[in-house]
Amino acid sequence: MPDTLTTKILREHLAGGALVPGEEVALRVDQALLQDATGTMAGLQYLELRDGPVRVPLAVQYVDHNVIQLDFKNPDDHRFLQAFCAKHGIYYSRPGNGICHYLHVERFARPGQILIGADSHTTTSGALGMLAIGAGGLDVAIALAGLPFELETPRVVGVALRGRLRPWVQPKDVILELLRRRGVRGGLGRVFEFFGEGVATIDVTGRATICNMIAELGATTGVFPSDERTREWLRAQRREDQWIPLAADPGATYEEVEEIDLDALEPLIAKPSSPGNVVPVREVAGTEVEQVCVGSSVNSGYEDLAIVAAVLRERTIHPNLVLTVTPGSRQILDTIARSGVYGDLLRAGARMLEPICGPCVGMGQAPPSGVVSVRTFNRNFPGRSGTVNDQVYLCSPATAAATALRGVIADPRDLGEPPAPTPALADPAVDDRHILAPAPPDQAATIQIPRGPNIQPPPPQEPLPDSLVGRVLIHVGDDISTGDLSPDGVEVMGYRSNVPAMSRYVFRRIDPEFAGRARDWGGGFIVAGHNYGQGSSREHAALAPKQLDVRAVFAKSFARIHRRNLIAQGIVPLAIVGEEAYEAAREGDAWEVPGVRAALAQGERALMVRIRETGQEVPVEANLSPRERQVLLAGGLLAHVRAGGRPISLSLGQSGAVDQGSPVTNPVPQETTR
Ligand code: MIC
């Protein structure tokens, strides 16, 4: 039977289970990606599993998120990470070197391989024909230890791209169109695979934009075929030898299909405060704007910045707004500096930032109160920018440039003929000196890993009790983001390696009393609507509630990565059936799930919650795979694996338990050694 590209890659990496949508499979991992805001905790958990070199062919740790050094916390983390990587066989990309997703596409992503990353936008590398999947830090730590990655087999959605984008319409508008059609829950359990003649008209930077924001659909990932455009990219990156042609077999069928007529698209924009709140730019044109930000892990490629520079060349940004521009990597920064794009932006009035995630995660450049900020970023969840009640819009670089010029949201088509962007240099500045190779085995053994005072171990994992008993700590609506649970921004993200301190901020935006109440009430439960835990992969959104002794979350539905993070930390995710439990929930009521341990052990799905105050009994469901049940019984993934818990992998030639004592081997394949 003809296969989709996704199925081909999955099959090639299958280490256990069967490729049946909805069923769990174990996958062999080729590459792992970590960044600093998730990396320290992943590293600490790895060290609880083993102290030898990683057992994944390639692992790279980037420093790009927590790069504001207000005090010792972030620099201490970076020092920890540098030593941890040198000792354990992981490449270390220094701060200032670039944003993990850009750098990974430039230097490491490879067609046909599987990448697991502790960041939801790991999906970006799908631009080069690989399956690149975001996961929690502990899941990545387990992959680093050489165990397979376990995943619910996704459904494959074919996205047929027809025709060619018209002037001023950009790849960002393609992904905004998918978000307009499907919303932030429309990709759950799905891989979006692009095909059709329109694919060849989109370059790798554009594909990276689309694959990055696939995460906003709640999708597992997105993937483009590996074709001549891929080859061109790899050639420019001096990695052409890593190119292989890859596409779906002719006649492959998809479970769902989206047809996008590129010629018919117009500039789109996501309104506050959800990436799924998409409308045509002309619907909101004329809205006054006081900040425009270009470039984060999406839209900071050369082509993205060159179009903004071309629009602003020999012009000046509107006096009522501030424009920031972030290049995606040192390579892009060097290239725009040499091509003249940097000068055009600078003279137009842009504040040029270093290549980091920056304002996208509230690391500086918070907008003023009560004003509109227009950004080419991927997320605009409430408060993420660092300003309470922010009004952040998400759009393409062309729309951002037109807006920066006019001072109001502007449809770039109103600017007339598009100017010619300064062409990229034929030879980008490929320079890996700032991606530090791990130490050779004899030196690695002697490396000490410094732990600053802010670096604290994760909360312990205890076996699941016989019954769950506690009070409803909070009752919230749909689309709670991980930023609500573990806030973005300089202040709180500095506690990424200190869960006890971070736990003070859980639900800070929605209910500042939450953490105090959870402590006073001895922990309890969270009751929520749909898509609980949307957004980032940060396991801190489970770790911090765990620290407050949150024992279960009852929700109408869960976001994929967060659901996994809850299970990994031993918090039971229970699905609300119908509206009954949701409507019955009142903050402060005592809830009980009697016999939960036995029920999970016996594979039961239907459970009952008893509400002590009213005597009411409401149904909930444990929609858990057999392995997830085992993990929860053990009290979390670390406890499960340490106790010798077997992953579903049987064909890897591994015992499934972690071998603590294997000899040090060169962890990086020859062709990527530099
Ligand atoms: C994000 O875009 O939300 C982040 C910040 O990159 C997160 C990672 C994190 O919280 O450290 C993500 O996407 O996973």
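Values in this document were obtained by computation on a predicted structure and should not be read as measured data. In listed order, ligands and their atoms are each counted from 1.
Comment: Arg28 engages Asp30 in a salt bridge, judged by a side-chain N to carboxylate O separation of less than 4.0 angstrom. Salt-bridge formation is detected for the pair Glu491/Arg508: a Lys NZ or Arg NE/NH1/NH2 atom is positioned less than 4.0 Å from an Asp or Glu carboxylate oxygen.
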Anything under 3.5 Å between an N or O on ligand 1 and a protein N or O? List each pair with its distance, or write none.
| residue | atom | partner | partner atom | Å |
| --- | --- | --- | --- | --- |
| ligand 1 | 2 (O) | His121 | ND1 | 3.4 |
| ligand 1 | 2 (O) | Arg379 | NH1 | 3.3 |
| ligand 1 | 2 (O) | Arg384 | NH2 | 2.9 |
| ligand 1 | 3 (O) | Arg379 | NH1 | 2.7 |
| ligand 1 | 3 (O) | Arg384 | NH1 | 2.8 |
| ligand 1 | 3 (O) | Arg384 | NH2 | 3.4 |
| ligand 1 | 3 (O) | Arg538 | NH2 | 3.3 |
| ligand 1 | 6 (O) | His65 | NE2 | 2.9 |
| ligand 1 | 6 (O) | Asp119 | OD2 | 2.8 |
| ligand 1 | 10 (O) | Arg496 | NH1 | 3.4 |
| ligand 1 | 10 (O) | Arg496 | NH2 | 3.0 |
| ligand 1 | 10 (O) | Ser536 | OG | 3.3 |
| ligand 1 | 10 (O) | Arg538 | NE | 2.6 |
| ligand 1 | 10 (O) | Arg538 | NH2 | 3.2 |
| ligand 1 | 11 (O) | Gln35 | NE2 | 2.9 |
| ligand 1 | 11 (O) | Arg496 | NH1 | 2.8 |
| ligand 1 | 13 (O) | Asp119 | OD1 | 3.2 |
| ligand 1 | 13 (O) | Ser120 | N | 3.4 |
| ligand 1 | 13 (O) | Ser120 | OG | 2.5 |
| ligand 1 | 13 (O) | Arg379 | NH1 | 3.1 |
| ligand 1 | 14 (O) | Ser120 | N | 2.7 |
| ligand 1 | 14 (O) | Ser120 | OG | 3.4 |
| ligand 1 | 14 (O) | Ser537 | N | 2.7 |
| ligand 1 | 14 (O) | Ser537 | OG | 3.0 |

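Cation-pi geometry between Arg451 and Phe84 is not satisfied (NZ or CZ under 6.0 Å from the ring centre, within 45° of the ring normal).
Asn498 and Asn454 are linked by a side-chain donor-acceptor pair at a separation below 3.5 angstrom, with hydrogens and angles left out of the test.
Below 30°, between 30° and 60°, or above 60°: for Phe194 and Phe224 the angle between ring planes is below 30°, a parallel geometry.
Within the 4.5 Å cutoff, side-chain heavy atoms of Asp64 are placed close to those of Cys100.
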